[in-house]
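Below: the structure, in structure tokens.
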Protein chains: 2
Amino acid sequence: MTGIAPRPTLEAVAARAGVSRATVSRVVNGGDGVREPLVERVRRAVEELGYVPNQAARSLVTRRHDAVAVVVAEPESRVFADPFFALQLRGISKELTAQDNQLVLLLTEGRDDHARVARYLAGGHVDGALVFSLHLDDPLPGLIQQAGIPTVFGGRPGWNGDRNDVVYVDSDNRGGARDAVRHLVGLGRSRVAHITGALDQTSAVDRLDGYRDVMGDADPRLVAEGDFTPGGGERAMRELLDRCPDLDALFAANDLTASSALRVLRERGLRVPEDVAVIGFDDMLPVAEQTDPALTTVRQDIEEMGRLMARLLLRGVEGEPGSVVLPTTLVRRGSA
Amino acid sequence: MTGIAPRPTLEAVAARAGVSRATVSRVVNGGDGVREPLVERVRRAVEELGYVPNQAARSLVTRRHDAVAVVVAEPESRVFADPFFALQLRGISKELTAQDNQLVLLLTEGRDDHARVARYLAGGHVDGALVFSLHLDDPLPGLIQQAGIPTVFGGRPGWNGDRNDVVYVDSDNRGGARDAVRHLVGLGRSRVAHITGALDQTSAVDRLDGYRDVMGDADPRLVAEGDFTPGGGERAMRELLDRCPDLDALFAANDLTASSALRVLRERGLRVPEDVAVIGFDDMLPVAEQTDPALTTVRQDIEEMGRLMARLLLRGVEGEPGSVVLPTTLVRRGSA
DNA sequence: GGGTGCGGCGAGAGCGCTCTCACCAGGGTG
DNA sequence: CACCCTGGTGAGAGCGCTCTCGCCGCACCC
């Protein structure tokens with residue numbers, strides 16, 4: 001329909017401003033070492049022609065891309081229906097935008113995709129990668145490390161400790177869990193139960209560890225395994241009530257779990273918080289605020305985690321000594 | 001730490017295979033017009049050297065990028081905590097991956113970002129754009145159309161009709177709403193209320209229109225304005241009950257709204273579905289299945305919408321006559 | 001006044017690829 | 001036997017940019 005406007009090149013701008021290509025390039029890239037009147041003339045020419053640098057040409061010589069890949073391994077669809085990830089993505093996007101970087105999103109579906117992602121990353125299309133490693137046995141992080149590009153992980157990767165060149169950003173899952181359980185104990189509760197998350201994820205393991213830090217191994221029957229989903233939470237809660245009808249508090253591994261637990265408790269005629277005090281984890285607003293009663297929970301600043309991941313990556317992973325663990329805060333509402 | 005492996009070039013592969021650069025290029029790009037033995041030799045050389053084409057160099061000459069931008073205007077943070085978008089993104093990602101395209105995610109925060117996005121798109125970094133235009137007064141779609149790159153919209157854009165060169169993918173919001181309301185009427189309900197979505201979004205307007213298609217303008221007091229959020233749903237439900245205590249059914253603009261309405265109804269001592277039958281919209285699983293009773297709702301295949309958007313864009317927008325509206329289905333659960 | 005230094009600018013190479021074009025077989029055709 | 005295709009291959013230009021290098025003019029100093 002419309003004639004495609006031929007995009008102006010550096011050459012065109014140079015001609016219009018009456019200078020060389022090199023000078024235009026200098027101005028476009030910050031203008032150091034060019035005298036003011038020339039800078040002005042070039043700026044005007046750029047403006048008038050609507051010049052936009054060709055990123056492909058630029059990358060070809062600089063070998064930089066001003067682009068970062070965000071890799072999300074998604075073995076189960078559950079992960080993606082999770083506002084958690086969306087918020088983190090948002091934080092990442094904000095930071096990248098602020099630094100004039102683009103966000104290339106790589107979602108993987110199953111094992112076959114791993115090779116594809118690894119090839120893409122190794123292919124030098126992006127300057128770095130932000131990786132969400134969700135499961136302990138996920139081969140993806142390893143493949144990516146092999147690709148040899150700067151990488152920051154979201155959440156502590158499973159193979160912990162043995163590789164100290166790994167940079168990650170995580171919440172203080174263990175500390176947050178401790179705070180929650182201590183709060184319950186401070187309320188005078190002594191039979192504090194815990195529904196874990198999916199234990200192939202470090203966040204779930206860390207939260208369980210936090211619980212144990214306070215409760216010790218007192219009564220192992222007070223711990224039931226969940227999987228972060230409402231369905232798993234429901235099952236675990238029933239299990240717990242059958243095993244330990246005398247429990248007087250619950251620390252759930254996340255808000256979704258806590259929310260289903262709340263339903264089971266009501267169904268059994270137990271009052272919250274009078275009979276059983278309940279605390280969740282995440283502070284996912286649509287969930288935590290809408291339960292009845294509203295959920296006391298451990299807040300983690302998810303968006304900030306994302307932002308930090310991006311910042312760490314861009315500031316150059318090499319310089320950074322290690323990882324960042326963000327603090328959590330207990331948010332008191334009605335349930336405990 | 002490690003010596004950075006110098007990535008092999010076409011030249012290197014050509015040398016190893018004993019052919020010219022041109023021939024290697026041909027093989028890498030499909031191998032048409034090259035005789036079998038040569039193809040084999042080149043393939044082996046590629047394999048041995050671990051050659052990966054340099055996308056920047058390629059784009060420089062082809063002016064293609066094999067990358068598509070996904071633009072999400074996000075005036076409110078609400079949008080992003082929405083699984084809706086995540087699912088669509090997933091569909092898009094699957095389709096793009098299948099076609100060897102990359103997904104560049106552009107999230108906009110407020111007005112200032114619009115110019116940035118427009119510049120990026122006009123800058124020819126991507127081959128096309130998928131745009132989620134959420135609000136009627138959003139200037140972004142206009143700006144993007146100006147950028148002159150192929151575009152497919154997610155959801156019918158606000159400025160409807162007057163531009164028939166606009167391609168979009170949408171659910172049959174109006175038809176789905178009709179089905180829902182008809183179902184309620186079929187249940188013998190006559191006082192069917194409606195809580196709308198945010199009426200600056202076409203999906204909300206279309207669902208309201210669907211409601212009116214069945215109910216006519218009978219009793220305007222049976223319609224209350226919501227905004228797709230739980231808070232708005234709660235307020236609207238109270239309003240409705242105060243105005244029309246005799247209502248016996250509710251069609252809510254989405255599941256989140258329906259879910260809060262359910263809570264208000266219970267709080268007022270009304271039974272669902274005996275006293276008031278309730279239907280939502282979306283079939284967002286974590287929400288719709290976890291309410292009490294489980295929510296009857298209008299399902300839209302969100303992931304398929306995303307996939308279709310990508311397909312439409314890649315298949316060449318020019319050839320396509322127009323837009324696609326996907327059907328919805330009523331999912332019966334306990335609430336109606 | 002002639003060297004020396006230095007900062008601003010332009011010339012030109014070259015990043016790794018695609019694509020046009022010319023070349024060169026080899027096999028039909030008149 | 002000269003001719004023309006036709007299909008496979010290589011040579012080479014050039015995409016738009018950055019960056020090194022060398023030149024030039026202008027102090028500055030001995």
Side-chain angles (χ1 to χ4, degrees), chain A residues 4-43 45-46 49-67 100 102 120 122-127, chain B residues 4-43 45-46 49-67 100 119-120 122-127:
Chain A
I4 296 166
R7 292 220 286 135
T9 69
L10 252 203
E11 190 74 50
V13 178
R16 179 158 196 127
V19 297
S20 73
R21 267 197 339 268
T23 297
V24 177
S25 176
R26 277 187 271 258
V27 171
V28 169
N29 292 296
D32 298 343
V34 180
R35 258 191 283 252
E36 197 42 49
L38 270 198
V39 171
E40 202 40 55
R41 247 171 47 215
V42 172
R43 289 252 162 80
V46 166
L49 296 175
Y51 170 75
V52 183
N54 180 320
Q55 185 59 39
R58 183 178 275 177
S59 297
L60 184 55
V61 35
T62 58
R63 279 126 203 289
R64 300 196 67 256
H65 300 85
D66 297 320
D100 260 314
Q102 296 309 322
Y120 181 79
H125 301 263
V126 291
D127 301 327
Chain B
I4 295 167
R7 292 221 284 134
T9 70
L10 253 203
E11 191 75 49
V13 177
R16 180 160 196 124
V19 297
S20 72
R21 267 197 338 267
T23 297
V24 178
S25 176
R26 278 186 271 260
V27 171
V28 168
N29 292 294
D32 298 343
V34 179
R35 257 191 284 253
E36 196 43 49
L38 270 199
V39 171
E40 204 38 57
R41 242 164 58 210
V42 172
R43 288 252 163 80
V46 166
L49 295 175
Y51 170 74
V52 183
N54 180 321
Q55 185 59 40
R58 183 178 273 175
S59 298
L60 184 55
V61 33
T62 58
R63 280 123 203 291
R64 300 196 65 257
H65 299 86
D66 297 321
D100 261 314
R119 206 170 342 109
Y120 181 78
H125 301 262
V126 291
D127 300 328

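Here is the naming used below: chain letters follow the sequence lines, and residue numbers restart at 1 for every chain. Computed from heavy atoms alone, side chains included, the values below leave out hydrogens, waters and symmetry copies. None of the values given here were measured: they were computed from a predicted structure.
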(message) Tell me whether Thr62(B) contacts the main-chain N or O of Arg58(B) through its side chain, where contact means a donor paired with an acceptor under 3.5 Å.
(response) yes
(message) Whether the side chain of His65(B) engages the backbone of Gly124(B) through a donor-acceptor N/O pair (distance < 3.5 Å, no angle test) should be reported.
(response) yes
Tell me the interatomic distance from [X], atom [atom1], to [N], atom [atom2], rounded to whole angstroms.
{"X": "Asn29(A)", "N": "dC19(D)", "atom1": "CG", "atom2": "P", "result": "7 Å"}
{"X": "Glu11(B)", "N": "dC15(C)", "atom1": "CD", "atom2": "C1'", "result": "12 Å"}
{"X": "Leu10(B)", "N": "dC15(C)", "atom1": "CG", "atom2": "C1'", "result": "13 Å"}
{"X": "Leu60(B)", "N": "dA13(D)", "atom1": "CG", "atom2": "C1'", "result": "13 Å"}
{"X": "Arg64(B)", "N": "dC15(D)", "atom1": "CZ", "atom2": "C1'", "result": "16 Å"}
{"X": "His65(B)", "N": "dT18(C)", "atom1": "NE2", "atom2": "C1'", "result": "14 Å"}
{"X": "Arg21(A)", "N": "dG14(D)", "atom1": "CZ", "atom2": "P", "result": "14 Å"}
{"X": "Asn54(B)", "N": "dC15(D)", "atom1": "CG", "atom2": "C1'", "result": "13 Å"}

Return the [atom1] to [atom2] distance between [X] and [Y], rounded to the nearest 0.5 Å.
{"X": "Leu10(A)", "Y": "Leu49(A)", "atom1": "CG", "atom2": "CG", "result": "11.0 Å"}
{"X": "Arg41(A)", "Y": "Thr23(A)", "atom1": "CZ", "atom2": "OG1", "result": "9.5 Å"}
{"X": "Arg64(B)", "Y": "Gln55(B)", "atom1": "CZ", "atom2": "CD", "result": "9.0 Å"}

Between [N] and [X], is there an OP1 or OP2 to side-chain N/O distance shorter than 4.0 Å?
{"X": "Ser25(B)", "N": "dT18(C)", "result": "yes"}
{"X": "Thr23(B)", "N": "dG10(D)", "result": "yes"}
{"X": "Arg58(A)", "N": "dT18(D)", "result": "yes"}
{"X": "Thr9(A)", "N": "dG16(D)", "result": "no"}

(request) With DNA chain C as reference, determine whether Val19(A) or Val24(B) sits nearer its 5' end, using the nearest nucleotide of each. (result) Val19(A)
(request) Please tell me which of Arg26(A) and Arg26(B) maps to the more 5' nucleotide of DNA chain C, matching each residue to the nucleotide holding its nearest heavy atom. (result) Arg26(A)
(message) Checking contacts here: which listed nucleotide (dT18(D), dG10(C), dA11(D)) is nearest the side-chain heavy atoms of Ser20(B)?
(response) dA11(D)
(request) Please tell me which of Leu38(B) and Arg63(B) maps to the more 5' nucleotide of DNA chain D, matching each residue to the nucleotide holding its nearest heavy atom. (result) Leu38(B)
